[in-house]
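Structure record follows, encoded as structure tokens.
All chains are named by letter (A, B, ...) in the order of the sequence lines, taking the proteins before the strands, and each is independently numbered beginning at 1. The basis for the numbers below is simple: all heavy atoms, side chains too, and nothing from hydrogens, waters or symmetry mates.
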Protein chains: 2
Amino acid sequence: MEIEQIEETTKKQGKELFGICPYVTTQTVLQGKWAILILYQLENGPVRFNELLRRIDIAQGTLSNQLKYLEKEGMIRRNVYTEGVLRVEYELTPIGEKFRTVLQSIEKWGNEYITYLKAKHL
Amino acid sequence: MEIEQIEETTKKQGKELFGICPYVTTQTVLQGKWAILILYQLENGPVRFNELLRRIDIAQGTLSNQLKYLEKEGMIRRNVYTEGVLRVEYELTPIGEKFRTVLQSIEKWGNEYITYLKAKHL
DNA sequence: CGGTATCCCGGTCGATACTG
DNA sequence: CAGTATCGACCGGGATACCG
């Protein structure tokens with residue numbers, strides 16, 4: 001029983017295709033409810049913890065978890081500054097920055113979809 | 001207390017920004033664990049229920065739910081053919097087809113991320 | 001073939017309270 | 001300021017069995 005025959009025809013997607021199939025992999029990284037929104041907030045440079053908290057309506061613990069997850073996945077970097085008051089900034093890593101193209105297509109499509117929704121309810 | 005003041009500065013994201021913010025809206029549509037993968041499978045034309053089941057390693061009930069959700073959101077259409085054996089095909093709607101650009105950017109980035117992962121673990 | 005109906009489990013998210 | 005700890009509720013998703 002060679003279970004290792006994963007590459008059949010891209011069958012068995014989802015089981016262990018993380019790191020193999022680009023779609024499964026991306027969905028895994030984006031699984032958190034806030035991932036897309038957080039990455040969007042960091043699109044234009046570093047943002048502090050409480051600033052994120054203010055911009056997004058999210059529980060503190062949840063934000064902390066999502067940030068840790070995104071950091072673990074290599075999408076964002078956490079920088080601590082201790083001069084004066086404690087300051088922690090989050091920013092995109094190089095691979096995280098490359099995600100901007102996805103964010104842009106999401107923004108474009110999202111707006112088209114919103115237009116579609118409005119037309120639908122008339 | 002006018003709770004209706006949502007438009008402040010794009011604050012309160014996530015609460016009820018579905019239909020307003022393109023990122024929140026897109027994430028809502030993609031919230032299902034299999035959404036991206038299903039949309040990808042339908043990218044090149046209609047696919048039958050059991051064919052999807054074969055291509056993706058997913059529980060039948062789960063697939064059924066996700067398809068119903070995507071149909072409700074207007075992303076896919078369900079077509080039933082009763083000539084001969086029962087045949088049900090799922091295909092992208094016009095707004096679903098527009099999602100292809102997002103899928104393409106996801107594929108591209110996903111592959112870059114996979115490359116990043118491999119380099120990381122060496 | 002193309003689904004429902006259940007049942008259950010694990011995980012996520014949120015609220016609240018507390019901390020270095 | 002930037003978190004952690006805890007707890008509870010909710011629910012998405014999987015397995016299994018059954019149905020028109």
Heavy-atom neighbours of B/Lys120 NZ exceed 12 at 6.0 Å
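For B/Lys120, atom NZ is crowded (more than 12 foreign heavy atoms under 6.0 Å).
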Does B/Gly32 or B/Leu86 map to a spot on DNA chain D nearer the 5' end, using the closest nucleotide for each?
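Checking each residue's closest nucleotide, the 5'-ward one belongs to B/Gly32.
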Salt bridge (Lys or Arg N to Asp or Glu O under 4.0 Å) partners of residues 89-104 of chain A, not counting sequence neighbours, each pair once:
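Residue pairs passing salt bridge (Lys or Arg N to Asp or Glu O under 4.0 Å), neighbours aside: A/Arg77-A/Glu91, A/Arg87-A/Glu89, A/Glu97-A/Arg100.
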Exercise answer: donor-acceptor pairs, residues 58-69 of chain B side-chain atoms, under 3.5 Å, sequence neighbours excluded:
from    : atom 1 : to      : atom 2 : distance (Å)
B/Asn65 : ND2    : B/Gly61 : O      : 3.4
B/Gln66 : OE1    : B/Trp34 : N      : 3.3
B/Tyr69 : OH     : B/Thr28 : O      : 2.8

Earlier contact from the 5' end, DNA chain C, for A/Thr62 and B/Asn50:
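Final value for this comparison: B/Asn50.
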Minimum-distance nucleotide to [X] side chain [options: [options]]:
X: A/Trp34; options: D/dG14, C/dC13, C/dC1; value: C/dC13
X: A/Val88; options: D/dG14, D/dC1, D/dG3; value: D/dG3
X: A/Gln60; options: D/dG3, D/dA15, C/dG2; value: D/dG3
X: B/Lys33; options: D/dG14, C/dG2, C/dG14; value: D/dG14

Hey, what's the ring geometry for A/Tyr113 with A/Trp109, parallel, tilted or perpendicular (30° and 60° as the breaks)?
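Aromatic pair A/Tyr113/A/Trp109 classed parallel.
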Quantify the bending of the helix from C/dC1-D/dG20 to C/dG20-D/dC1 as the angle between its end axes, each fitted on five pairs, to 10°.
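Rounded to the nearest 10 degrees, the bend comes out at 50°.
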Would you say D/dC11 has OP1 or OP2 under 4.0 Å from some side-chain N or O of B/Gln31?
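The answer is no; no side-chain N or O of B/Gln31 sits under 4.0 Å from OP1 or OP2.
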Using a cut-off of strictly less than 4.0 Å, decide whether A/Arg78 has a side-chain nitrogen or oxygen near OP1 or OP2 of D/dG3.
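For A/Arg78, the contact criterion (side-chain N or O under 4.0 Å from OP1 or OP2 of D/dG3) is met.
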